Amino acid sequence: MKDAPDAAVWPTVDRLCAWLDAAAERPAEQELLLRVLKLAEEVGETAQAVIGASGQNPRKGYSHSWRDVESELCDVVLTAMVALRTLTPDAESVFAEHVRKVAGRSLGPAPGTAPRAAPDPGPATAG
């Protein structure tokens with residue numbers, strides 16, 4: 001059985017942002033840019049873990065496990081959430097709405113809901 005999503009995720013993101021803000025030494029705009037750039041660092045660490053878990057570097061061999069990859073992916077997600085929260089105080093609802101949009105265009109209507117009507121093409125013109 002899968003665990004239910006942790007309701008404390010966004011409050012924890014808020015606490016992490018507050019912690020980072022308290023230690024910030026740069027203007028807010030620079031802090032935001034650096035938090036977004038931190039994503040590239042975390043993605044790089046994820047790539048390094050995948051390479052290590054698959055043994056692709058002959059010099060290093062199998063230097064990571066797939067659990068390391070899981071951990072690095074979690075770091076990517078959390079870093080993105082912190083960056084989003086830094087950009088907008090409404091990060092939780094912005095993210096939820098984005099998930100709904102992606103699901104709608106990728107998966108179609110949610111089970112139990114009426115399908116969306118096709119857009120009206122407008123008046124027909126005689127050719």
Side-chain angles (χ1 to χ4, degrees):
M1 183 168 133
K2 292 188 177 202
D3 293 333
D6 187 346
V9 170
W10 283 105
T12 300
V13 169
D14 289 342
R15 290 178 47 225
L16 287 167
C17 283
W19 173 69
L20 290 168
D21 290 345
E25 298 177 355
R26 294 168 191 81
E29 185 175 284
Q30 287 182 8
E31 289 294 332
L32 170 62
L33 294 175
L34 290 169
R35 289 178 195 180
V36 172
L37 287 175
K38 179 74 174 163
L39 277 167
E41 178 187 7
E42 296 299 341
V43 169
E45 290 175 6
T46 303
Q48 182 179 19
V50 168
I51 289 167
S54 57
Q56 290 300 305
N57 185 335
R59 184 174 55 83
K60 294 183 179 179
Y62 290 87
S63 58
H64 291 75
S65 68
W66 288 104
R67 285 247 188 241
D68 294 327
V69 175
E70 290 175 1
S71 178
E72 295 299 341
L73 285 169
C74 289
D75 286 348
V76 170
V77 171
L78 186 55
T79 301
M81 293 174 82
V82 167
L84 181 61
R85 174 58 184 83
T86 302
L87 182 62
T88 177
D90 202 24
E92 184 174 1
S93 62
V94 167
F95 183 71
E97 178 60 24
H98 188 76
V99 169
R100 279 191 292 278
K101 286 179 185 176
V102 170
R105 72 175 177 249
S106 300
L107 305 174
T113 62
R116 286 186 285 175
D120 183 1
T125 57

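Values in this document were obtained by computation on a predicted structure and should not be read as measured data.
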Can you tell me how far apart [atom1] ([X]) and [atom2] ([Y]) are? Round to the nearest 0.5 Å.
X: S93; Y: H98; atom1: OG; atom2: NE2; result: 13.5 Å
X: E45; Y: S71; atom1: CD; atom2: OG; result: 9.5 Å
X: L73; Y: E70; atom1: CG; atom2: CD; result: 8.0 Å

Can you pull the side-chain hydrogen bond (donor to acceptor under 3.5 Å, both in side chains) pairs that have at least one residue in residues 72-89, sequence neighbours excluded?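 Applying side-chain hydrogen bond (donor to acceptor under 3.5 Å, both in side chains) to every pair that reaches into residues 72-89, excluding sequence neighbours, yields D14-R85, R35-T86.
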Would you kindly confirm whether [X] and [Y] end up in one hydrophobic cluster when ILVMFWY residues are joined by side chain heavy atoms under 4.5 Å apart?
X: F95; Y: L78; result: yes
X: V99; Y: V77; result: yes
X: V9; Y: L20; result: yes

Can you name the residues that form a side chain to side chain donor-acceptor pair (under 3.5 Å) with S106, not counting sequence neighbours? none
Just jot down the side chain to side chain donor-acceptor pair (under 3.5 Å) partners of E97, sequence neighbours excluded, or say none.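 If we apply the side chain to side chain donor-acceptor pair (under 3.5 Å) test to E97, skipping adjacent residues, the hits are R100.
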Minimum heavy-atom distance between A8 and T12, given as atom pair plus value: O-OG1, 2.7 Å
I need the minimum non-hydrogen distance between V69 and A53, along with the two atoms involved.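 Scanning both residues completely, I find the closest heavy atoms to be CG2-CB, 4.1 Å.
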Holding to salt bridge (Lys or Arg N to Asp or Glu O under 4.0 Å), I want the full list of residues that pass it with E92, two or more places apart in sequence or in another chain.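 E92: no salt bridge (Lys or Arg N to Asp or Glu O under 4.0 Å) contacts found.
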Show me the side-chain donor-acceptor pairs of residues 58-66 shorter than 3.5 Å, one per line, residues at least two apart or across chains.
residue : atom : partner : partner atom : Å
S65     : OG   : R67     : N            : 3.2
S65     : OG   : D68     : N            : 3.1
S65     : OG   : D68     : OD2          : 3.4

List, by chain and number, the other hydrophobic cluster members for L107, where Ile, Leu, Val, Met, Phe, Trp and Tyr join if side-chain heavy atoms come within less than 4.5 Å, directly or indirectly. none
Kindly give the cluster partners of L39, where membership spreads through any ILVMFWY side chain lying under 4.5 Å from a current member. V43, V76
Using side-chain contact (heavy atoms from CB on, under 4.5 Å) as the criterion, list what pairs up with L37, not counting sequence neighbours.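 Per chain and number, L37 pairs via side-chain contact (heavy atoms from CB on, under 4.5 Å) with L34.
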